[in-house]
Amino acid sequence: MTSNPSNAPATTDRPATNVHKPDYEKDVVYLYQFTRCPTLPSASPFCFKVETWLRMAGIKYENIDHKMKYKSKKGRLPFVELNGVEIADSDIIIKELSKHFDKDLDADLSADQRNISHAFISMLNNHTSWVMRWWRYSHPGDFLKAAQLDIKRTLNSKLPKGLLQFFFKLGFKSNIKRTVGHGLGRHTPEEIYEFGKSDLKALSELLDDKTYFFGDEPHLLDCVAFAHLCQFIYVPFGGIKEYMETDCSNLLKFVHCMKERYWPDWDEMCKTLELNTHLPKKIEEAPKEEEKEEKPAEEETKKEAEDKVDKEQPEEIKEADKTTEDEKPSKDGEE
């Protein structure tokens, strides 16, 4: 499908708001999310879902390195900015970008298939993900180890590592109330793990021996399932990865296919932790040999001219022109 932004008022008819990137390029999506993780591109299934969808839809995007300073007006990550407008919540982001760019990944699905997709996406977002969240909130130290996260880099802080880990664990454990409020957190660990395995088994049976959930080409459910399944595989816990290897091996094959197709820069990204490995690298042109030879002569001529001017200046001008480093404007206070 071709991009046709003018047919979609979802992002263009909204009132102008203050944006974090005022020098935006038209129809480029600017994505704000968590920092990279050494074991997978994002330890957040919701951030990972949005970025995977952008790649599947072939939409030009750029991750903004906001040093974990910004959250959406709803107080969450991820969010995006498009043409000066903020869009928050992963599902709403995908919905509105689909309209704006005329990119419906499910355009060829039947009504029944769309209903099945909706049901499984709801399961993944509102049930399966809570199994993962409950474990991370309950075992923050184990989560940091499994994800191989550098706490100082993750939180963009210069505080001592031990102090950051203390506050991180304290903050994560305070979220256990959310899992209790959801309902899942009221059960025993064994019961919670079984909930997760049951969801994975249902996904596995839907996939069967197909490459993707609805055949030979991926759709929105494939995007969402990939983002969630990666959390269980690359930040393993509770024996669920081992369960997938024995009872749901087709899901592992599915993840491999999605990874190979849409994340060719996976290894580079996890190694360097860069946000925009998908963008073309800027190549600096080496100076020509003639320029290299002429440069010393030019520098020498410039220095002679400066010395000449300096000698000819009156003493009072020389004194007034002296400025110490402490007096020069500092960039440290700039925001």
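These numbers were taken from a predicted model, which means no experiment stands behind them.
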Check whether any side-chain N or O of Arg153 sits under 3.5 Å from a backbone N or O of Thr35 as a donor-acceptor pair, and report yes or no.
no

Give the minimum heavy-atom separation between Ala147 and Thr39, together with the two atoms involved.
O-CG2, 3.7 Å

Taking the ring centre of each residue, are Phe237 and Phe143 less than 6.0 Å apart?
no

For residues Ile92 and Met56: do they belong to one hydrophobic cluster (side chain heavy atoms under 4.5 Å, members Ile, Leu, Val, Met, Phe, Trp, Tyr)?
yes

Side-chain heavy atoms under 4.5 angstrom apart, residues restricted to Ile, Leu, Val, Met, Phe, Trp, Tyr: same cluster for Leu97 and Val28?
no

To the nearest 0.5 Å, atom CG of Leu77 lies from atom CG of Asp89 at 12.0 Å

Gln231 side chain to Arg136 side chain, donor-acceptor N/O pair below 3.5 angstrom
yes

Can any side-chain N or O of Asp208 pair as donor or acceptor with the backbone N or O of Lys210 at less than 3.5 Å?
no

Please report the shortest heavy-atom distance between Asn250 and Leu207, naming the atom on each side.
O-CD2, 3.4 Å

In terms of ring plane angle, is the pair Phe195 and His187 parallel, tilted or perpendicular, where the classes change at 30° and 60°?
perpendicular

Distance-only polar pair, side chains of Glu51 and Tyr61, donor-acceptor under 3.5 Å:
yes

Between CD on residue Glu25 and NZ on residue Lys21, distance to nearest 0.5 Å:
9.5 Å

In terms of heavy-atom contacts, Ser90 and Pro78 come closest through CB-CG, 4.4 Å

Do Arg261 and Glu217 sit within salt-bridge range, that is, some charged N less than 4.0 Å from a carboxylate O?
yes

Would you check if the distance from the ring center of Phe79 to the ring center of Tyr70 is below 6.0 Å?
no

Residue pair Thr52 / Trp263, side-chain donor-acceptor N/O under 3.5 Å:
yes

For Ala227 against Phe48, the heavy-atom pair lying closest together
CA-CD2, 3.8 Å

Just checking, is any N or O donor in the side chain of Thr188 or Glu191 under 3.5 Å from an acceptor N or O on the other one?
yes

Can you tell me if Asp142 uses its side chain to pair, donor with acceptor, with the backbone of His139 under 3.5 Å?
no

Between Pro38 and Leu149, what is the shortest heavy-atom contact and its length?
CD-CD2, 4.0 Å

Could you tell me whether a side-chain N or O of His66 sits under 3.5 Å from a main-chain N or O of Phe34, the two making a donor and an acceptor?
no

Are Lys73 and Glu86 ion-paired here, with the side-chain N under 4.0 Å from a carboxylate O?
yes

Between Phe226 and Trp53, is the ring centroid distance below 6.0 Å?
no

For a quick check under 3.5 Å, do Glu81 and Tyr24 share a side-chain donor-acceptor pair by atom type?
no

Does Ala88 offer a backbone N or O that forms a donor-acceptor pair with the side chain of Ser72 under 3.5 Å?
no

Ion pair check, Lys253 and Glu245, cut-off under 4.0 Å
no

Side-chain donor-acceptor contact under 3.5 Å, Asp27 with Asn83:
yes

Lys/Arg-Asp/Glu bridge criterion (N-O < 4.0 Å) met for Asp199, Lys201:
no

Less than 4.0 Å between a side-chain N and a carboxylate O, is that true for Lys49 and Asp91?
yes

To the nearest 0.5 Å, tell me how far Leu54 CG sits from Ile94 CD1.
8.0 Å

If we count only N and O atoms by modelled type, under 3.5 Å, do the side chains of Asn63 and Gln33 hold a donor and an acceptor together?
yes

More than 12 non-hydrogen atoms from neighbouring residues, nucleotides or ligands closer than 6.0 Å to NZ on Lys173, yes or no?
no

Might you work through the salt bridge (charged side-chain N to carboxylate O under 4.0 Å, His left out) test for Asp265 and Arg55, ending with a clear yes or no?
CA-CA 12 Å; Asp265 52 341; Arg55 292 183 174 218; 2.8 Å; yes

With a sphere of 6.0 Å drawn around NE2 of His118, does it hold more than 12 non-hydrogen atoms of other residues, nucleotides or ligands?
no

Determine yes or no for a side-chain-to-main-chain donor-acceptor pair under 3.5 angstrom, with Glu260 supplying the side chain and Cys257 the backbone.
no

Interatomic spacing from CG in Leu229 to NZ in Lys259 - rounded to 0.5 Å:
13.5 Å

Determine whether a donor-acceptor pair (N or O, by modelled atom type, separation under 3.5 Å) exists between the side chain of Asp222 and the backbone of Phe213.
yes

Would you confirm whether Tyr137, through its side chain, and Lys177, through its main-chain N or O, come within 3.5 Å as a donor-acceptor pair?
no

Separation between CG (Leu273) and CZ (Arg36), nearest 0.5 Å, reads 9.0 Å

Among the clusters formed by ILVMFWY side chains lying less than 4.5 Å apart, do Leu40 and Ile233 turn up in the same one?
yes

For the SG atom of Cys37 and the CD atom of Gln148, what is their distance to the nearest 0.5 Å?
7.5 Å

Do side-chain atoms of Ser204 reach the backbone of Leu200 as a donor and acceptor pair under 3.5 angstrom?
no

Are Phe120 and His228, when compared by the centres of their aromatic rings, separated by less than 6.0 Å?
no

Has the side chain of Ser174 got a donor or acceptor atom that lies under 3.5 Å from a matching backbone atom of Gly171?
yes

Suppose we call two aromatic rings close when their centres sit under 6.0 Å apart. Are Tyr243 and Tyr193 close by that rule?
no

In terms of side-chain heavy atoms, does Ser98 have a donor or acceptor partner in Lys103 at a distance below 3.5 Å?
no

Looking at Asp112 and Arg114, does any basic side-chain N land under 4.0 Å from a carboxylate oxygen?
no

Determine the minimum heavy-atom distance between Gly239 and Glu242, stating which atoms define it.
CA-OE1, 3.0 Å

